[in-house]
Number of protein chains: 2
Amino acid sequence: MARSKGRLVIVGGGEDRKGDKVVLARFVELAGGKAARVVVLTTASQVAAEKPEEAQAIEDLYDQAFRDLGAKKVTTLHIHDRAQAGEEAAVQAVMEATGVFMTGGAQERLASIIGGTPLDKAMHDAYREHGAVIGGTSAGASAISQIMVLGGPSDRVPIKGSLPLAPGLGYVGDVIIDQHFSERQRLARLMSVIALNPAIVGIGVDEDTALVITPGRCIEVVGSGTVTVVDGSEMAYTNFNEVGEGEVLALTDVRVHMLPAGFAYDLGRAAKDDGPRKRASAVFGGLVERMLATC
Amino acid sequence: MARSKGRLVIVGGGEDRKGDKVVLARFVELAGGKAARVVVLTTASQVAAEKPEEAQAIEDLYDQAFRDLGAKKVTTLHIHDRAQAGEEAAVQAVMEATGVFMTGGAQERLASIIGGTPLDKAMHDAYREHGAVIGGTSAGASAISQIMVLGGPSDRVPIKGSLPLAPGLGYVGDVIIDQHFSERQRLARLMSVIALNPAIVGIGVDEDTALVITPGRCIEVVGSGTVTVVDGSEMAYTNFNEVGEGEVLALTDVRVHMLPAGFAYDLGRAAKDDGPRKRASAVFGGLVERMLATC
């Protein structure tokens, strides 16, 4: 599988859209700065689907934000059924985009409306072949992975079966992305997925914060919060197979990393120097390499 | 140092006081059930110190709860200055108690008012020599350890120096106890202490949940939430020495355990069978033994 040329900007929701806009600024920068051609996709929003005035409000908000940040072109696509996701004008806009940004709402709308359509294919082509940036906030972030969480309660304890999973848009494998992470106290619900399959890496992204992934090369954290990475690969014990659905899970020896803004790990740069690279490798136990390898 | 005969009941705040009272019931049971002589200490509460009617309300609440649970005797001590903590009647009540329960408020009040007084000594004697149960909820829980957190903000990111520490009442060493843990999203602030000294084990107790420690022998979790144990002993990286006070911390490879109600680890029982004991040892990486050894 050829390495994608694109980048992923995975935003935990609630990103600043009117002030410094640090997270969105990084998205525009990666998409080419003053040459950026941005497509905003409002598919996740039920409200945008049902109320024209709400759709317009979302459009105005992001259109203004991306233009303020210097993007050359901003096109908003209000795509809310599969027929629209096959229309030539929409496909064309995505094919010409240097960045596609998915707004928040419900991730199952993105999967069920876009999944498998010409628009979906165009987004993957733009990402893989043209080097476009795929970004998403909140539901738009969760949808980026191959397996995604659906909406579920933010229980304060890990509950077996509490967090339904579904196939996502498939830009990154072997991870589960949860958003509004610190704000909604979602460590426990992410742990419930880790208990189910510790091979999956849990990624919790705070509000106004983004995990930026350059496949095969680099991850970085941007914004005001942290990215919490939950690695169950060394989980020594869980009662998962001893309790029933709805019961509380126990987990031990789960590795957690808290990565604030400014954190960056560049595999390419590290590779030039064997010493630091080896150290970095030891530090992250292969985790970052795994994440970078699965995009 | 001779092993204490007592037990510790470390409650994350907000325990049920009127319904099933699962957490308080375990406290009474450990204190002797129908033979229990319970002392309730309201020192942590500024309100109890300043308003007689509030002091009475707290007294009535716990008095009723412990009597409903079958305790033989319940004595409430409203001790709000160091002179009161030296009075013979109070010391005598504690010396005769099978359980002392510290209510919530501000943990620095417990340390500064009780610390080093005859009452403090009586509590330690009752715990160590007579096998009394020492319990505390919220601030009363945090005060149980040798080093305690003071009140600090529940930042959503780990901030260097955000969580002030102070000497606590000293019933358990090498741990930091935080309370209202899941409810107030305190993982990040606990991580800030782990970054400072990874030798400290972080213990986050949810509301209506207790960690029960029988020194040298057993830990168990009681109640409706979980106990989160944060072990930084294998922390591979932190930027602690590269950032200033108030800046955001990065941490990697912190081990986290989520232990729900019903979780129990009995070192004594495990020791009878070398096979399971070895397995249990591997599972918890020596962590539980360390916790049990430091009481």
Side-chain angles (χ1 to χ4, degrees), chain A residues 12 154-159 180-188 191-192 194-195 204 206-209 221 223-232 234-239 242-243 247-263 265 279-280 282-285 287-288, chain B residues 12 154-159 180-188 191-192 194-195 204 206-209 221 223-232 234-239 242-243 247-263 265 279-280 282-285 287-288:
Chain A
S154 297
D155 298 302
R156 66 189 181 127
V157 294
I159 303 281
H180 305 280
F181 192 70
S182 291
E183 292 77 10
R184 299 189 187 172
Q185 211 305 96
R186 287 179 161 173
L187 181 68
M191 287 282 192
S192 75
I194 301 299
D206 286 0
E207 292 179 2
D208 192 36
T209 306
V221 177
S224 63
T226 59
V227 171
T228 304
V229 179
V230 180
D231 175 9
E234 295 180 22
M235 184 175 73
Y237 169 76
T238 177
N239 62 355
E242 292 149 32
V243 301
E247 289 190 63
V248 181
L249 292 166
L251 300 88
T252 76
D253 295 283
V254 176
R255 270 177 196 266
V256 173
H257 315 267
M258 293 194 103
L259 312 177
F263 175 90
Y265 178 61
R279 277 203 300 280
V283 163
F284 298 104
L287 181 73
V288 171
Chain B
S154 299
D155 297 303
R156 64 188 181 129
V157 294
I159 303 280
H180 305 280
F181 192 71
S182 291
E183 292 77 10
R184 299 190 188 172
Q185 210 306 97
R186 286 177 162 174
L187 181 67
M191 287 282 190
S192 76
I194 301 301
D206 286 359
E207 292 178 3
D208 192 35
T209 306
V221 178
S224 63
T226 59
V227 171
T228 303
V229 179
V230 181
D231 175 9
E234 296 180 22
M235 185 176 73
Y237 169 77
T238 177
N239 62 353
E242 291 147 33
V243 302
E247 289 189 63
V248 181
L249 293 165
L251 300 88
T252 76
D253 295 283
V254 176
R255 273 178 194 265
V256 172
H257 314 268
M258 293 195 103
L259 312 178
F263 176 91
Y265 178 63
R279 275 204 300 281
V283 163
F284 297 106
L287 181 73
V288 171

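In this text the structure is predicted, and so the values were computed from the model without any measurement. Lettering of chains follows the sequences in order, A, B, ..., and the numbering in each one begins at 1.
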If I measure from the heavy atoms of chain B, does A:Ser224 come under 4.5 Å with its side chain, its backbone, both, or neither?
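Both parts, backbone and side chain.
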Of the backbone (N, CA, C, O) and the side chain (C-beta and beyond), which part of A:Glu207 lies under 4.5 Å from a heavy atom of chain B, both, or neither?
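Looking at A:Glu207, backbone and side chain both touch chain B.
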Find the one option among B:Met235, B:Arg186, B:Glu247, B:Met191 whose heavy-atom pairs under 4.5 Å with chain A are most numerous.
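Highest number of heavy-atom pairs under 4.5 Å: B:Met191.
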Heavy atoms only, distances under 4.5 angstrom: which of A:Thr238, A:Leu251, A:Val248 has the most pairs with chain B? Name it, please.
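Most pairs with chain B among the choices: A:Leu251.
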With rounding to the nearest 0.5 angstrom, report the [atom1] to [atom2] distance, [X] to [Y].
X        : Y        : atom1 : atom2 : result
B:Ser182 : A:Asp155 : OG    : CG    : 10.0 Å
B:Gln185 : A:Arg156 : CD    : CZ    : 14.5 Å
A:Leu249 : B:Thr226 : CG    : OG1   : 10.5 Å
B:Met258 : A:Ile194 : CE    : CD1   : 11.5 Å

Min side-chain heavy-atom separation A:Asp253-B:His257 under 4.5 Å
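Sidechains of B:His257 and A:Asp253: in contact.
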